[in-house]
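Only this structure's heavy atoms are used, side chains among them; waters, hydrogens and symmetry mates stay out. As the structure is a computational prediction, the values presented were derived from the model and not from experiment.
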2 protein chains.
Amino acid sequence: MGARKPNISDVARKAGVSNGLVSFVVNNRPGVAPETRQRILDAAGELGWRPSPSARSLSLKTSFALGLVIRRKEDLISADPFFPAFIAGLESVLASEGRVLVLSVVSDVAAELRTYRTLAEDSRVDGFILTDLQHNDTRFKLLEELGVPAVALGRPGEGVTVPCVQLDDTRGIAGVVEHLVGLGHTRIGHVAGDPAMVHGGRRRESFDAAIAEAGLDGTLVIETDFSAGGGAEATRRLLDNPHPPTAIVYANDPMAVAGLGVAQRRGLRVPDDLSITGFDGTDISGYVFPALTTVTSDPVEWGRVAARTLLAYIANGKADDVELPPAALLIRESTSPPARHDGAFPAGVPASARGTAAAHK
Amino acid sequence: MGARKPNISDVARKAGVSNGLVSFVVNNRPGVAPETRQRILDAAGELGWRPSPSARSLSLKTSFALGLVIRRKEDLISADPFFPAFIAGLESVLASEGRVLVLSVVSDVAAELRTYRTLAEDSRVDGFILTDLQHNDTRFKLLEELGVPAVALGRPGEGVTVPCVQLDDTRGIAGVVEHLVGLGHTRIGHVAGDPAMVHGGRRRESFDAAIAEAGLDGTLVIETDFSAGGGAEATRRLLDNPHPPTAIVYANDPMAVAGLGVAQRRGLRVPDDLSITGFDGTDISGYVFPALTTVTSDPVEWGRVAARTLLAYIANGKADDVELPPAALLIRESTSPPARHDGAFPAGVPASARGTAAAHK
DNA sequence: CGGAGCGTGTAAACCGGTTTAGTTTGGTCT
DNA sequence: AGACCAAACTAAACCGGTTTACACGCTCCG
């Protein structure tokens with residue numbers, strides 16, 4: 001019946017004050033007598049009143065929402081296990097702040113930019129979290145034009161003013177290479193991610209640096225796109241090398257899992273004939289056989305920190321960059337000393353084990 | 001400078017009409033002279049005006065947002081490749097309708113219900129998409145109480161009035177079993193998903209039915225939780241059986257991939273010693289070796305249909321249930337006729353290949 | 001000719017908050 | 001006592017739309 005949702009006037013009436021004063025109280029503004037404040041809070045409590053986000057949005061030109069736009073080619077949209085965990089981290093902060101996450105998934109750059117623009121112009125979000133940074137990322141210019149705060153995951157190039165939350169994966173890659181070198185590997189390949197992406201490029205540079213440091217051949221690198229399919233193809237090319245690597249460092253786990261599949265398909269024993277390392281420490285990498293040596297990060301924590309940083313930036317107009325604890329090497333089963341043979345392939349690879357795949361483009 | 005965002009009054013002034021009339025025009029309401037309508041549209045176009053969502057929300061008590069709440073235990077949050085693709089499907093519909101997706105990821109039931117309640121009471125969403133239906137799902141009661149529309153993925157129990165979008169995976173499971181039976185398997189195991197979840201239960205029932213149909217032993221079933229870890233453990237238990245199955249049907253791909261890892265760890269050849277089938281046709285299942293025979297669904301399409309159904313339900317107060325095209329069997333490499341031996345395990349399993357895992361809880 | 005009825009349009013209330021300008025009250029200073 | 005001031009509070013404008021009640025001019029019709 002009379003269960004209409006109460007509004008600020010109901011509370012004001014019940015407490016015997018004006019609407020404005022109620023507003024002052026719920027926004028913790030000074031200038032309200034303690035006793036009155038309490039009376040208002042009591043009234044609000046009894047009525048079960050909370051200020052309406054829509055009304056506040058209209059007044060304050062603020063949406064109490066944060067935006068996350070993910071661009072992924074349709075077919076490899078499910079490849080990235082990073083996001084669900086990352087989003088869980090975001091949420092854990094947003095929920096306690098009465099904020100909300102607006103998520104968009106788009107498949108091309110045009111739609112991506114359109115989405116940022118629309119969300120910003122319609123004031124549907126107060127700020128964005130930028131992932132998958134590109135070199136010369138066009139989003140920064142756009143967001144500056146739109147005047148919307150943002151926080152970047154990873155360090156963008158020079159001249160960009162948004163705060164960034166960063167995790168040093170250089171150390172992780174270096175750790176992996178040192179681990180392999182320590183095992184005795186001298187021909188170490190790298191299946192790199194998309195070089196247009198900041199973390200793809202950086203991991204690759206880290207690899208180059210670590211290989212150079214060890215005084216090894218740094219030519220066994222193939223750049224691809226972070227997808228399982230790309231990882232598989234790159235692995236084939238590396239293994240087709242007349243003098244193939246004895247270890248391959250992958251820039252993420254899905255590529256490593258796919259690479260493992262390719263190696264096994266060719267009859268290579270992992271890790272004896274080929275050591276493999278992943279990156280990101282995703283769930284599934286621990287359940288394939290052999291379990292992948294990988295580098296673990298903490299996407300949930302990353303999400304938490306990104307959310308906090310963006311909220312601080314929105315509130316104060318300024319926020320410090322944050323450096324997360326570096327990714328840690330997790331040694332499992334897919335790495336071992338290289339087998340003792342000089343030729344290209346071990347003897348006895350069953351022909352039947354090659355090229356029988358039907359479902360691989 | 002004067003680049004203030006235009007509002008409805010600017011447009012009205014420019015067109016020489018009242019605010020109300022502008023509102024009528026943008027909402028396609030009758031009663032406006034065609035010539036006037038055009039003049040207003042022109043004015044709006046020149047000014048680059050779009051009605052403010054916040055203001056509309058306040059007036060209309062509508063948020064132009066749809067809610068999706070995902071509950072996942074923290075540690076297996078990244079396990080499910082279904083969501084990114086599903087969300088992409090939702091988005092493709094929402095974007096063109098000027099609507100937005102509000103996503104929440106929570107880790108326990110209390111937080112889940114709290115989230116539904118808050119989003120609804122604060123009018124932050126106009127409706128919900130319900131995934132991961134449980135038997136006796138408490139969300140239906142809550143949403144009915146809150147008076148918020150929703151659409152369910154999968155068929156909820158009796159007495160629930162929300163429209164549902166459904167995909168018949170019974171046929172998929174039956175197809176898998178027939179495929180295996182056709183190959184000559186007589187001992188077929190099943191690693192089922194969470195029996196508390198509707199699709200977990202239904203796939204298991206489908207399996208039971210298909211096995212009974214074939215007149216085979218239906219006792220080789222283990223229920224677990226859809227997680228890779230659960231799949232691995234269940235596989236170990238099935239293989240520990242003194243008379244183990246020669247084929248295992250998994251209720252989803254991550255469990256199947258993990259099961260494959262377990263089998264390989266034990267030195268079993270897949271598919272010769274053990275055939276394995278997944279479910280859902282996720283990307284990665286095509287890149288492990290051997291590539292998994294699985295049952296493909298189309299989560300993107302599922303998302304599109306769910307979004308359309310929910311929007312129709314919100315608009316008209318009624319929407320028909322939708323039955324998606326059934327999941328299709330995709331035969332790849334992980335299934336073959338059973339090897340010809342009667343004992344439990346094939347001879348020659350290297351002891352070293354057992355129990356070397358370090359990183360498995 | 002008077003009134004009903006229709007098509008077109010306007011003014012103003014309304015959604016539920018926030019915020020500014022201003023009023024009241026009580027106390028201090030001189 | 002009068003001037004001044006700060007603290008506490010109110011009234012009303014405002015955010016930017018939607019919607020209702022009503023006005024105006026026409027035509028149609030008895």
Does [atom1] in [X] sit with more than 12 non-hydrogen atoms of other residues, nucleotides or ligands closer than 6.0 Å?
| X | atom1 | answer |
| --- | --- | --- |
| B/Asp320 | CG | no |
| B/Glu145 | CD | yes |
| B/Glu144 | CD | no |
| B/Asn136 | CG | no |

Within the structure shown, what part of the strands sits under 4.0 Å from A/Val17 by heavy-atom distance: base, sugar-phosphate, or nothing?
sugar-phosphate
Within the 4.0 Å heavy-atom criterion, would you say B/Ser52 contacts the bases, only the backbone, or no part of the nucleic acid?
sugar-phosphate
Quick one: [X] [atom1] to [N] [atom2], roughly how many Å, whole number?
| X | N | atom1 | atom2 | answer |
| --- | --- | --- | --- | --- |
| B/Asn27 | D/dG16 | CG | P | 17 Å |
| A/Lys5 | C/dC15 | NZ | P | 13 Å |
| B/Asp122 | C/dC15 | CG | P | 18 Å |
| B/Arg4 | D/dG16 | CZ | C1' | 11 Å |
| B/Phe24 | D/dT18 | CZ | P | 10 Å |
| B/Asn19 | C/dT10 | CG | P | 10 Å |
| A/Arg39 | D/dC9 | CZ | C1' | 11 Å |
| A/Ile8 | C/dC15 | CD1 | P | 14 Å |

Does the side chain of A/Glu112 come within less than 4.5 Å of A/Val69's, by heavy atoms?
yes
B/Arg56 vs D/dT18: side-chain N/O to OP1/OP2 distance below 4.0 Å
yes
Can you check whether B/Trp49 has a side-chain N or O nearer than 4.0 Å to OP1 or OP2 of D/dG16?
no
Please check this pair: side chain of A/Thr62 against backbone of A/Ser57, looking for a donor-acceptor N/O pair closer than 3.5 Å.
no
Report yes or no: does A/Asp108 contribute a side-chain atom to a donor-acceptor pair with the main-chain N or O of A/Ala110 at less than 3.5 Å?
yes
Starting at the 5' end of DNA chain C, which residue's closest nucleotide do you reach first, B/Thr36 or A/Ser9?
B/Thr36
Mind listing the residues from residues 58-66 of chain B sitting with a heavy atom below 4.0 Å of DNA chain C? Number order is fine.
B/Leu58, B/Ser59, B/Lys61
Parallel, tilted or perpendicular, judged at 30° and 60°: which one describes the rings of B/Phe86 and B/Phe83?
perpendicular
Axis-to-axis angle across the helix from C/dC1-D/dG30 to C/dT30-D/dA1, five pairs each end, nearest 10 degrees, ~ 60°
Among D/dG17, D/dT10, C/dG16, which is the nearest nucleotide to the side chain of B/Pro51?
D/dG17
Which of the following nucleotides, C/dT18, D/dC9, D/dT10, is nearest to the side chain of A/Ser18?
D/dT10
Whichever of B/Ser54 and B/Arg29 has the more 5' nearest nucleotide on DNA chain D, that residue is B/Ser54
Can you name the side chain to side chain contact (heavy atoms under 4.5 Å, CB included) partners of A/Pro156, sequence neighbours left out?
A/Leu133, A/Phe140, A/Ala152, A/Val160, A/Cys164
Does B/Asp42 come within less than 4.0 Å of B/Arg39, counting only side-chain N to carboxylate O?
no
